[in-house]
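Below: one structure in structure tokens.
Throughout, a chain's letter reflects where its sequence line sits, starting with A, and its residues are numbered from 1.
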Amino acid sequence: MTASDPVADEPLTLLGGRIPYVEGPLKVTGRAEYTDDIRRPNQLVGRLLRSPWPHARLVSVDLREARALPGVAAVLTGERYPTPFGVLPITHDETAIAVGKARYQGDIIAAVAAEDERTAELALEKIRFEVAPLPEYADPEAGTRTVAEPIHARGLAGTNIQKEVVQHFGDVDAAFAKAAHQVRVRGSFAGVTHAFTEPLVTIAEATPDGRLTVWSATQVPHYLHRALSEVLGLPMHRIRVVKPEVGGGFGGKSDPLPHEIACAALSLETGRPVKMLLDREDVFYTNHGRHPTRNDVRIAVDGDGRILAYDVEALIDGGAWSSFGTVTTYYNGVLAMGPYRVPNFRYRGRRVYTTKPPSGAMRAHGGTNIRYSIEVALDQLAERLGLDPFELRARNALPPNSTTVNEFRITSTSFLKCLEAAKRASGWSEKFRKLPFGRGVGLGCGFYISGSNSPIHFTPKMPQSTVHLKVDMDGGIAVHSMQADIGQGSNTLLAAIVAEVLHVDLARVHVQRVDSDVSPIDLGSYSSRVTFMMGNAARSAALQLRAALVAGAATLLGIPPSEVEVGHERFTPRGRAEPAVTFEQALHQAMEKVGALTATGAYQTRPAGGSFKGARAGTAPAYSFSAYVAEVDVDVETGDYRVPKVWAAFDCGRVLNRLAVEGQIEGSVHMGLGQVMGESMNYRASRMLNPSLLEYKIPAPQQMPEVEILLVGDADPEGPFGAKEAGEGPLIATLPAVANALYDAIGCRFTELPITPDRVVRALEERRKEGRPWKGA
Amino acid sequence: MGSDDRVSFTLNDRPVQAACPPERILLDLLREELRLTGTKRGCDLGTCGCCTVLIDGRPTLSCLTLARLVEARSVTTIEGVSPAQGLSAVQRAFVELGATQCGFCTPGFVMTATALLREHPHPSRSEIEQAISGNLCRCTGYLAIVRAIESAAGSAP
Amino acid sequence: MHLDPFELHRPTSVEETVGLARSLAGRFDYLAGGTDLLPNYKMHLNLRPHLVALEAVPELTGHSLERLGAMSRLADLERDPALAAAWPALADALREVATPLVRASGTVGGNLLVETRCFFFNQSYFWRASLGFCLKADGDRCHVVPQKTTCYATFSGDLAPALLVGDAEVEIAGPTGRRRIPLTGLYDAGGDGIRRLTLQPGELLVAVHLPPRARGRRGRYLKLRVRPAYDFPELGVAVAGRWDGDGRVQELRLAVGGAEPHPRTFDDLTAPLEGQRLNDARRAALGEEVARRVRPVHNTFLVPEYRKKMVAVFVRRALAQAEEGRAA
């Protein structure tokens, strides 16, 4: 905090408490407006034709019958807008509608706009494609070799490899050579998906003034804005992106998505508004969920359990597109670099295209699967060393204000406090290896970025987040920013930060709907960046407004601004209760000559990372840390298990909205539990078998553990009021904590997720076959 | 019922009559024809419960109900349980205890919870979990929802 | 998702219903609770141009301890403590069906006649078209056990096993009048996932009759599924019986559903146990024998080897818990 920051030393009055969501009353009454709740006059229905083929050349298409159908307004194929796009500028390999070939079952190959849904679907049935089938590539391993027909021309040297990352820091082989112990875990992870409750939906409206307005369920309105501009060939200023309320994202709405662009294209084509609401099955095909992954983690330690080296490989199933995949490929390695000190590190990661729905970013993107394997490996090492798992981790904790071997700048970390809190609260010492057969406790830890230090786009150079404030004579404070509230509570935090800095009632602050015409750019809700970046931008904007109000108050009080004390909705001479100037009086004085007061605050990350290739991946202005203990209770005959309790110690720096943080942690535990217990995108070859909420097994309320939340973080030096992220990191530790608890309960290691009951039974049988007793059973 | 392609029923305590072909689903009638958009479409196949409404007081999936078959029955939507001013006890508890995050499932949960508390004014935790187990929430992990329903049960209506 | 247009009929008596059925021969489906039929219709599975809604037929509604109207809503039955006390296995099963929201609409008849399920059948038209369809809808082959004649879709109702162990009978109305048969006779043991019922064209399930002789049997229904809500059974085991003061079996019934194209009973295995005391070994032996006979295939979420293994465990547990008289 700088000396010019007058709120740095003030006690918090609103932040730090439990702040109900500002839009909560609208949500609980059904009055919050989501995209599908909007209907534009004369609106058409947009529908998509999806490829039934996993991989096929589109030889020709006959649209005549479809176009001739009464009520059909437009039929489009990929050639109309063939410009490729993608969330990362370096891997534009996606198209709004397939051009030349279809790359997975579910790939969009045509789009229709019609007067009603039934007509649109009839039209889809009348589109006739002539295709030449191409080889199906379901297995990423096979795709690492030269293939007959690469899914994309940009695959590495005739293979389906989309991205390969090779990194080596220190000397891993030498470290292993002198290791006292080493352990290896080969993890295998089914793909999982976000399964937000609000389906993907977009409305686009081209208007006669040459503009295009797009309302969409998106986490990244700015990236959508760019993609629309690039693909449709319209300057950004002629496009307006509006983000209504969004019914959950978890990363699944953090790419510009093909249907959004196809919808806009249909509107341009017809000159009418078009709504495109995806069926739930379509949402599964759009996916961009967590990558199916195989990893191979070797860890070397010395005789005291100090980590000497990690040697990591990852084979990542990318599906048909790149999406965030280049980042994923890095993250599966570099997010191994905390919360422990790792002096030597080698990584080889390959992300391979397959003819499956594209994988992308999902909550705790890139940090979840690798963390699982590491934490399971550490559990094994602790056992071999005869060390308590907590002790092994404490010995290796990254210290505050340190640098990792790959040059991550670690500032605040309360990891040791997380360990202490989880150990104490869980009664670990009375439980670990002491509960009867079938019951157990396990420890898992986590580490995640609090925002990505690098923006996705480097041109033009601009802040990661910008916030505008406007206050007029009515005394209401309008807040504009393109940060995307998707349910995590960022609108509430934005309002609360402004109210805190200005010491005004929260009810004065009105966060405006994201609208690219008026909202200054924030890059959106992904990489756990919003609290940190938007928070700092909001704080900065509010400080400027506060200075203007203080100046107004100072004029009225006849004292210099430095002598003004800011109280709740009032200004007084420092140290005195009277005379007082109200907020409105100060405001009206301040705006006498200038009209409405406005302020702009921005946040930009400082440069970070080394100078080697890929050095920026995983750099963040701060990191979150966690230590979770899970308790499990296994039915050793059926393999069914319950998780009665999770102790979740989390370092998100200073807690700004306790209600929201707790909600993120509980929701993360639920989502993490899903990936452990049953969530899985199942395939036969590359056809998804379970594209429905009935067969995609999200845990039921009865499966939720009690969650004891332990928020132990110290304030971060650069976070807004000392805060760091709490949106994604809280998921990570859940998975290994449960797996390690299963080991404590039944003596079986699980390296394949999800751990369904049949796998538990099989593991128990294998252990018995090996003649390895556990806790007397 | 008559084959005049209409349906008459009580909607939020008022009689309503609407044009309605046989294949019209109640959810579509509510959202698209009557423009009551508080009831949400999440999966359209009866799994997620976002479309929950009360039919004769019982929480029911409007996405799996033919609109014509609510003839002469009573349908209550989220708009019908929301007071003209302020919030109901259930709604207030959902806001104050963080039982709504993205909010998309929330109207469905409010309907289920409202009906539960009418039937069991003081449900046990496991009764609550059982009662809400047809409503899917991807944000909260259900814990805050259970707490909110418990809290609403403890407060005056 | 919309439904394709159909004609909706809403008869108000059994006779009128049967008459409609006759005139619409082969071109209609009955609509009970709709919780299974309407999702299937939304996915364009075996659409018919007419739906005959049954909710306005008074004779089909209402229930007592002896009779469950076919249109009795599961949620109503679930809330009847006298029914639960008299028929504990049924009470278990009622609570285990899908979700409370499904049970609000779902009916006894709908659950007994529920369409068999398979990963290759319960999919959208688009999905199925991409594989060239299957025997059960629009196609001519099976993707589970590749061949061209037999469908392996799984019977997935929870109520049938629980009612089978209560010696339930079903009343059926048809063009030639009414008949009443044991529930076992409703399911075509010689059929497959398509030809799975013995109902004749146009016949209507009117009611389930619960014979007083079976009332008050101790009973249990155990359901295997991934989650304690939502899911159809991956296996369902029901047991009911009476034990004398010495713990000797007086009568015993066992039924298994959720594993094959039809639910089934095992009277030849349970009858010899009458007069005997059950112990862990006997229960286990019965479980193993039942498991040996049950042959699940890979068309549901959990692998068949596991489901088969669980037959033995569930039978053993259901027997023990029923004997303990675990409260329903």
Side-chain angles (χ1 to χ4, degrees), chain A residues 18 20-21 23-34 36-39 194-199 245-250 277 279-281 283 485-489 658-660 662-671 673-674 692-695 698-707, chain B residues 28 31-32 35-50 77-79 81-83 86-88 90-110 126 128-146 148:
Chain A
R18 314 173 74 85
Y21 282 8
E23 78 287 0
L26 301 180
K27 287 176 171 171
V28 297
T29 52
R31 299 284 283 275
E33 190 177 57
Y34 300 81
D36 188 36
D37 301 335
I38 298 168
R39 180 197 284 170
H194 324 83
F196 34 74
T197 48
E198 181 205 22
E245 213 67 66
V246 172
F250 315 108
L277 169 66
D279 288 346
R280 183 55 61 173
E281 181 183 2
V283 175
D485 194 319
I486 53 174
Q488 82 279 43
R658 195 164 288 271
L659 195 70
E662 290 176 355
Q664 289 300 304
I665 291 177
E666 290 176 351
S668 288
V669 167
H670 177 248
M671 197 173 275
L673 218 53
S692 71
L693 291 176
L694 179 59
E695 296 299 340
I698 295 168
Q702 297 95 321
Q703 290 171 280
M704 265 305 278
E706 182 188 339
V707 180
Chain B
D28 295 332
R31 284 185 60 84
E32 309 302 332
R35 295 299 286 152
L36 294 178
T37 55
T39 304
K40 301 303 179 196
R41 185 192 308 275
C43 75
D44 246 343
L45 291 170
T47 311
C48 76
C50 292
T77 66
I78 185 71
E79 289 86 357
V81 298
S82 303
L87 302 175
S88 73
V90 167
Q91 290 168 329
R92 204 161 44 240
F94 267 62
V95 174
E96 286 171 4
L97 298 181
T100 180
Q101 284 188 28
C102 85
F104 198 77
C105 69
T106 305
F109 273 98
V110 169
S126 77
I128 295 172
E129 287 176 350
Q130 170 66 222
I132 63 173
S133 65
N135 293 87
L136 196 149
C137 172
R138 191 58 159 167
C139 293
T140 63
Y142 300 105
L143 300 175
I145 293 173
V146 172

Based on non-hydrogen pairs under 4.5 Å, which of A:Arg39, A:Glu23, A:Arg280 is most in contact with chain B? A:Arg39
Quick one: SG on B:Cys139 to NE2 on A:His670, what's the gap to the nearest 0.5 Å? 10.5 Å
Does any non-hydrogen side-chain atom of A:Ile698 lie less than 4.5 Å from one of B:Leu136? yes
Using non-hydrogen atoms only, which part of B:Thr37 is less than 4.5 Å away from chain A: side chain, backbone, both, or neither? both
Side chain, backbone, both or neither of B:Arg41 within contact of chain A (heavy atoms, under 4.5 Å): both
Non-hydrogen atoms of chain A under 4.5 Å away: do they reach the side chain of B:Leu87, the backbone, both or neither? side chain
How long is the straight-line distance from CG of A:Leu26 back to OG1 of B:Thr100, given to the nearest 0.5 Å? 10.0 Å
Whatever's closer than 4.5 Å to a heavy atom in chain A on B:Ile128 counts as neither
Can you check whether B:Thr47 reaches A:Ser692 side chain to side chain, under 4.5 Å on heavy atoms? no
d(A:Asp37 CG, B:Arg35 CZ) to nearest 0.5 Å is 7.5 Å
Say whether, by atom type as modelled, one donor and one acceptor occur between the side chain of B:Tyr142 and the main chain of A:Met704 under 3.5 angstrom. no
Please check if the side chain of B:Gln91 supplies one atom and the backbone of A:Val28 the other of a donor-acceptor pair under 3.5 Å. yes
